[in-house]
Each structure stands twice: as C-alpha cells, then as structure tokens.
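Basis for what follows: all heavy atoms, side chains included, without hydrogens, waters or symmetry-related copies. Computed from a prediction, not measured in an experiment: that's the story for all the values here. Chain letters run A, B, ... following the sequence lines, proteins first and then strands; every chain starts at 1.
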Amino acid sequence: MTHTFFIAFSYILTALVILGLTLRAVIDHRAQVRALADLESRGIGRRSRRG
Amino acid sequence: MIRELANPTRFMSLSGALLPWVTGLAVLLLAVGLYLVWFVAPADYQQGETVKIMYIHVPAAWLSLFFYMIMASSALGTLVWRHPLADVSQKAAAPIGAAFTLICLVTGSLWGKPMWGTYWQWDARLTSMLVMLLIYLGILALWRAIEEPNRAARAVSILTLVGAVNVPIVKFSVDWWNTLHQPASVFRLDGPTIHTSMLVPLLIMAVAFTLIGVALHLSGIRTEILRRRVRTLNILEAERLDAQAA
C-alpha cells in the first residue's frame, strides 16, 4: 500500500466521523423539537404549567 | 456568567444566537486549514507527505483531552456545585470526546504503519489513549444503563472523576516513559520544535476542530435540554391520566 492510501484513509475516516456526529446532532435535535411541539399541541405543556 | 447560564431557557436563547456563528467560523477555518495543509505546507524531510496525517491526528488528540476536561469540570459541577446544566453538558460532551479519541487512535495507527512499520505498539502513549477510549465508552454505556437522569449523572460523575487520573498519564506518558511515540513538539517550555510552515496550518486545524467540537457540544446541550422537557411533560401527562383513572 502506498503512503497516499494511508493519508486518504485518515482524512476520509475523519470526515465520516465528524459528518456522522453532525448528522446525529441534527436528527436528534429535530426529533426532540417535534416531540415537544407534539406534546404542546395537545395542550400538555400548558396544563402542566398551570398545575 | 456560569450562574446566569444555569437557567435552561436563557441558555437556549444565548446558545441559539451563538451556534450559527461558531459553526460558520469552524467551516471557514477548516477550509483555510485544509487549503494550507494540501497546497502550502511542505512535505516533511523524513515522513514525506505522510506528515499530512499529523494535521488531523494532533488536533483530534488535543480534543480528546479537552472534552475529557470539560466532562471532569461538569462532573464537579454536578457533584459539588449542583449546577443544573452541568450533567447536561457532561452527557453532551461524552460522544464527541469518544469520537475524537477514535479519530486520534485510528489516524495514529494509519501513520504508524508506513512510519514505524506497525499499526500498533503497546507503548505508554498509545496504551493510555486506548484506555481513554475505553473510559469514554464506559461513560456512554453508564448513561444508557441508568434511566433516571439525576441518578445517572451522579454515577457518571464519579466514574468521570476517577477516569480523570488518566488525563495527566496521557499527556506526560512520553516524558515519564521511554516511548516509541515522539515527545511533545508544540506545547513545550522551550517553544515549539515544528517549523512555522507546518505549525501555522496545524494550529489553524486545531482551532477549526475545537470550534467544530464546541458547536457539536452546544447543539448536544440544547438537544438534551429539549429531551428532558419532553420527558418531564410525558411524566406529568402520565400522572394526570393516572389521577383521572383513579
């Protein structure tokens, strides 16, 4: 294997890991925003604050 | 400042305004850093072009320790000062630190094969870094094992503080033992031993990686705050339904 292989593999792996972390952060955040909006649309947030 | 951020609503507002700027600056610096690494920085007289691996390996190693220190400070915040966002920060930092530790180990291994002739050597720096990854994985597993956030935070805080013993071992392993891994060449009392043509791209990549990490951490804290709001509302709703049924 040439040195180019080791360099390319290192950069591709780093890019994939950082991209994975970013995608996970975006997907997880959107899921929580949706879940919160769903609860509040059912009036659960407002009721619990009154209670 | 830290006390002002104790209010999750205030934190959400401030971090929401800050996040696009941190992300934008991270992308800009990463672009500048990659340009310098690939088109300006010279090949090393011994390592040749393989030195390019250093520009991602070293920042990843620094961030591995940086996020562990964030977790250790947050652990103190949880156990001693009982800061309401400390455990949230601790939980958000763990996967980011683990990911950078993994990058550090794999890129180091990929550099080691052409330079040392082996992917792995059980020397003090490499072994202590592997222990660091195992501690990160243990912390992530413990977060998942205990459902109640406050109990999980206390258990994880104790594990994090015990594991913090490994941080100085990683940092000083190359000084305390005779290792195959080279000694520190940037943060030294007598100044860096790397030529400016390589040091500048390395530092720019390090700042870019740090900003990427900070952006991911801020985003992770925001998501965890929302997750806990959702959990609280679900519990309140379940209690209300129970009361109605009774």
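You'll find the side chain of Leu21(A) stays beyond 4.5 Å of the side chain of Ile212(B), heavy atoms only. The shortest side-chain heavy-atom distance between Phe9(A) and Ile53(B) does not fall under the 4.5 Å cut-off. Val106(B) has its side chain out of reach of Ser10(A): every pair of non-hydrogen atoms, C-beta onward, lies at least 4.5 Å apart. Counting heavy atoms from C-beta outward, Met115(B) and His3(A) have side chains that approach closer than 4.5 Å. Looking only at side-chain heavy atoms (C-beta outward), Phe100(B) and Thr14(A) stay at 4.5 Å or farther from each other.
For the set Glu224(B), Gln47(B), Arg222(B), the entry with the most heavy-atom pairs within less than 4.5 Å of chain A is Arg222(B). For chain B, the option among Asp28(A), Thr22(A), Leu13(A) with the highest count of heavy-atom pairs below 4.5 Å is Asp28(A). Ranked by heavy-atom pairs shorter than 4.5 Å toward chain A, the options Pro95(B), Ala60(B), Ala92(B), Gly220(B) are led by Pro95(B). Comparing Asn234(B), Leu226(B), Leu34(B) by how many heavy-atom pairs each has under 4.5 Å with chain A, the most go to Leu226(B).
Contacts of Val33(A) with chain B are made by both backbone and side-chain atoms, with heavy-atom separations under 4.5 Å. If you measure heavy-atom distances from Ile7(A) to chain B, the contacts under 4.5 Å come from both the backbone and the side chain.
Going from atom CZ of Arg231(B) over to atom CG of Leu36(A) covers 15.0 Å, rounded to the nearest 0.5 Å. Residue Tyr119(B) holds its OH atom at 4.0 Å from CZ of Phe6(A), rounded to the nearest 0.5 Å. If you take CZ on Arg42(A) and CD on Glu237(B), they are separated by 6.0 Å, rounding to the nearest 0.5 Å. The distance from atom CD1 of Ile103(B) to atom CG of Leu16(A), rounded to the nearest 0.5 Å, is 10.0 Å.
Exactly one residue among Leu236(B), Thr232(B), Leu233(B) makes a side-chain contact (heavy atoms from CB on, under 4.5 Å) with Leu39(A). That residue is Leu233(B). Results of the side chain to side chain donor-acceptor pair (under 3.5 Å) test with Thr223(B) over His29(A), Arg30(A), Arg24(A) single out His29(A) as the only residue that passes.
The local environment of CD in Glu148(B) is crowded, with over 12 non-hydrogen atoms from other residues, nucleotides or ligands closer than 6.0 Å. Within 6.0 Å of atom CH2 in Trp120(B), more than 12 heavy atoms from other residues, nucleotides or ligands are found, so the atom counts as buried in its surroundings.
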